[in-house]
Amino acid sequence: MRRTGRSQAVFNFLRSIDYLQLLVMAALLGVGLIFIRSTGLQIDTEASRGFFHRQLWWIVVGAGGYILFSLLDYRSFFCRSAMIMGYLLALILLVAVLFFGLKVFGATRWLNIFGFRLQPSEPAKLMVIGMMAEVFSAPRLKNNKLLCIFLAGLTVALPFFLIVIEPDLGSALVLLPVAGAMLFCFGIKWRYVALGLAAIAAGISFILLDSFREDPLLLRNYQRDRIKIFLNPGSDRGNRGHNAFQAKLAVGSGGLSGTGIGKGTQNELGFLPHTVSNNDFIFSVIAEETGFLGSSALLLLYGLLLYSILRTAFMVSGYGRYLASGICTLIFCHVFINIGMSAGIAPVTGLPLPLVSYGGSFILTAMITLGIMQSVYRHARLDEMDF
């Protein structure tokens with residue numbers, strides 16, 4: 001039966017969707033809602049119940065952004081110009097945070113915009129990826145790799161230092177492996193890769209040595225204490241190390257199948273503080289209440305999400321591949337560090353678990369990011385069909 005032009009367009013559209021990515025994203029958002037609700041049940045106050053409703057609202061808004069960016073052609077002048085303008089806006093907002101930001105738990109990371117609290121460092125990560133992809137794929141710069149690398153370094157350095165000043169060292173450091181992955185896709189020579197790794201190792205060594213100083217040169221006192229506690233977990237369980245210790249204890253107490261949703265004792269009795277149980281340490285709640293089986297299922301979902309993005313990266317070249325490599329690395333770093341905090345294999349940094357942790361800025365950014373990846377996949381598939 002011959003299809004009309006409109007029905008053929010609809011058919012091609014449905015064939016071009018990355019259903020794996022879409023289903024995994026929906027599953028992770030559902031997991032987040034379940035366990036944000038679970039942490040709220042333990043406190044059972046109006047404020048705690050509000051976390052669930054606000055997260056649901058942000059998901060609805062994020063779904064709008066996801067659909068919009070999925071439908072747009074990521075290669076269009078409009079989208080690429082929006083990335084450049086978004087990068088410049090992100091820099092402005094990061095500067096504004098330093099002067100007009102809200103101070104929460106000793107850090108100035110948020111702006112109050114029309115009653116909504118925005119953390120500019122979250123969308124800034126996506127804008128850095130978009131801007132670096134633009135630099136690497138610019139026709140006028142392709143023949144001058146040294147200039148490309150310099151401009152890419154400048155693209156990362158500006159938001160990096162602005163985020164460090166807030167202070168939010170964890171979010172700033174995530175930009176380094178993202179930039180490294182994109183440079184690798186750009187085709188940087190192995191000797192420069194080795195030089196970069198040596199520089200990163202030197203930087204980590206300096207940070208570790210600085211943490212042992214009574215008056216650190218680079219680190220804030222709380223950052224120094226976090227590193228010390230990571231290196232010696234039992235040194236201050238009653239104070240600075242309390243959250244990390246209780247999070248690790250919650251993971252271990254889950255056993256094979258967990259205690260049941262809403263029945264985690266570490267969460268229920270408040271040993272895992274409610275100020276962090278629905279965001280930084282939500283994996284600890286999931287691990288305690290669903291056990292090894294539930295934690296493994298969550299890791300499988302993230303594995304499938306990363307696979308879908310990597311699959312897309314190999315389907316395209318140039319601008320699309322740079323976007324995919326940066327986004328894949330960003331999500332991997334967030335997952336690894338967040339879960340590592342709960343398991344005691346990474347220092348506490350405050351990075352949220354993608355699509356699961358409570359927080360409007362990151363949910364909105366993550367869903368728009370995946371919308372862009374859906375656009376990359378869709379247009380790669382449509383190009384195959386046209387061919």
Side-chain angles (χ1 to χ4, degrees), residues 83-113 116-133 135 151-183 196 199-200 203-204 206-207 210-211 216-227 279-280 326-327 329-338 340-341 346-354 357 359-366 368-369:
M83 277 288 189
I84 296 172
M85 296 303 296
Y87 176 79
L88 296 175
L89 179 61
L91 290 180
I92 293 170
L93 292 175
L94 288 172
V95 171
V97 164
L98 303 179
F99 295 97
F100 311 107
L102 302 173
K103 194 169 187 178
V104 181
F105 299 122
T108 308
R109 303 174 185 172
W110 293 268
L111 283 174
N112 193 339
I113 301 177
F116 293 97
R117 205 163 73 174
L118 173 71
Q119 188 175 355
S121 60
E122 296 301 346
K125 296 170 189 173
L126 173 59
M127 299 308 156
V128 167
I129 293 171
M131 192 66 184
M132 284 188 68
V135 169
L151 291 175
L154 188 63
T155 298
V156 177
L158 292 174
F160 178 89
F161 287 110
L162 288 172
I163 295 171
V164 166
I165 295 170
E166 290 182 0
D168 188 0
L169 186 60
S171 290
L173 289 176
V174 165
L175 294 176
L176 299 183
V178 168
M182 295 181 73
L183 279 166
I200 291 172
I204 293 172
F206 176 79
I207 290 172
D210 197 36
S211 68
L217 297 173
L218 177 64
L219 301 173
R220 302 290 180 97
N221 288 336
Y222 78 91
Q223 293 170 332
R224 175 199 61 193
D225 293 339
R226 283 179 176 179
I227 293 174
N279 44 60
D280 294 352
I327 288 169
T329 307
L330 177 64
I331 293 174
F332 172 80
C333 288
H334 268 266
V335 172
F336 179 82
I337 294 172
N338 181 278
M341 291 190 308
V348 176
T349 58
L351 290 180
L353 192 59
S357 290
S361 298
F362 193 65
I363 281 290
L364 186 57
T365 303
I368 288 174
T369 298

Self-check item: Rounded distance (nearest 0.5 Å) linking atom CG of Leu330 with atom OG1 of Thr365
Solution: 9.5 Å
Exercise. Would you name the heavy atoms of Val174 and Ile337 that are closest together and state the gap between them?
Key: CG2-CD1, 4.3 Å
Self-check item: Heavy-atom pair of closest approach, residues Asn338 and Leu351
Solution: ND2-O, 2.7 Å
Quiz prompt | pair Pro354-Phe362: side-chain heavy atoms closer than 4.5 Å | solution = yes
Self-check item: Check: Pro352 main-chain N/O paired with His334 side-chain donor or acceptor under 3.5 Å
Solution: yes
Quiz item: Which atom names give the shortest non-hydrogen contact between Thr369 and Leu126, and what distance separates them?
Solution: OG1-CD2, 3.5 Å
Quiz item: Who pairs with Phe160 by side chain to side chain contact (heavy atoms under 4.5 Å, CB included), at least two apart in sequence or on another chain?
Solution: Val164, Ala172, Leu173, Leu175, Leu176
Self-check item: Test ring-ring contact (aromatic ring centres under 6.0 Å, His included) applied to Tyr87 - qualifying residues, sequence neighbours left out
Solution: none
Quiz prompt | Residue pairs, two or more places apart or on separate chains, that pass salt bridge (charged side-chain N to carboxylate O under 4.0 Å, His left out) and touch residues 119-130 | solution = Glu122-Lys125
Practice problem: Calculate, to the nearest 0.5 Å, the distance between atoms OG and CD1 belonging to Ser171 and Ile163 respectively. | Solution: 6.0 Å
Practice problem: Quick one: pull up CE in Met83 and CE in Met127 and give me the separation to the nearest 0.5 Å. | Solution: 6.0 Å
Quiz item: Listed by chain and number, what are the side-chain hydrogen bond (donor to acceptor under 3.5 Å, both in side chains) partners of Ser121, not counting sequence neighbours?
Solution: Gln119
Quiz prompt | Leu183: partners by side chain to side chain contact (heavy atoms under 4.5 Å, CB included), with sequence neighbours left out | solution = Phe136, Ile149, Ile188
Quiz item: Can you name the residues that form a side chain to side chain contact (heavy atoms under 4.5 Å, CB included) with Leu111, not counting sequence neighbours?
Solution: Leu93, Ala96, Val97, Phe100, Ile113, Pro120
Practice problem: Kindly write out the residues that satisfy side chain to side chain contact (heavy atoms under 4.5 Å, CB included) with Ala133, not counting sequence neighbours, or none if the list is empty. | Solution: Met182, Tyr319, Tyr322, Leu323
Quiz item: Which pair of non-hydrogen atoms, one from Pro177 and one from Thr329, has the smallest distance, and what is that distance?
Solution: O-CG2, 3.5 Å
Practice problem: Any chance you could measure Leu94, atom CG, to Glu166, atom CD, to the nearest 0.5 Å? | Solution: 6.0 Å
Quiz item: How about Val178 and Val128: do any of their side-chain heavy atoms sit closer than 4.5 Å?
Solution: no
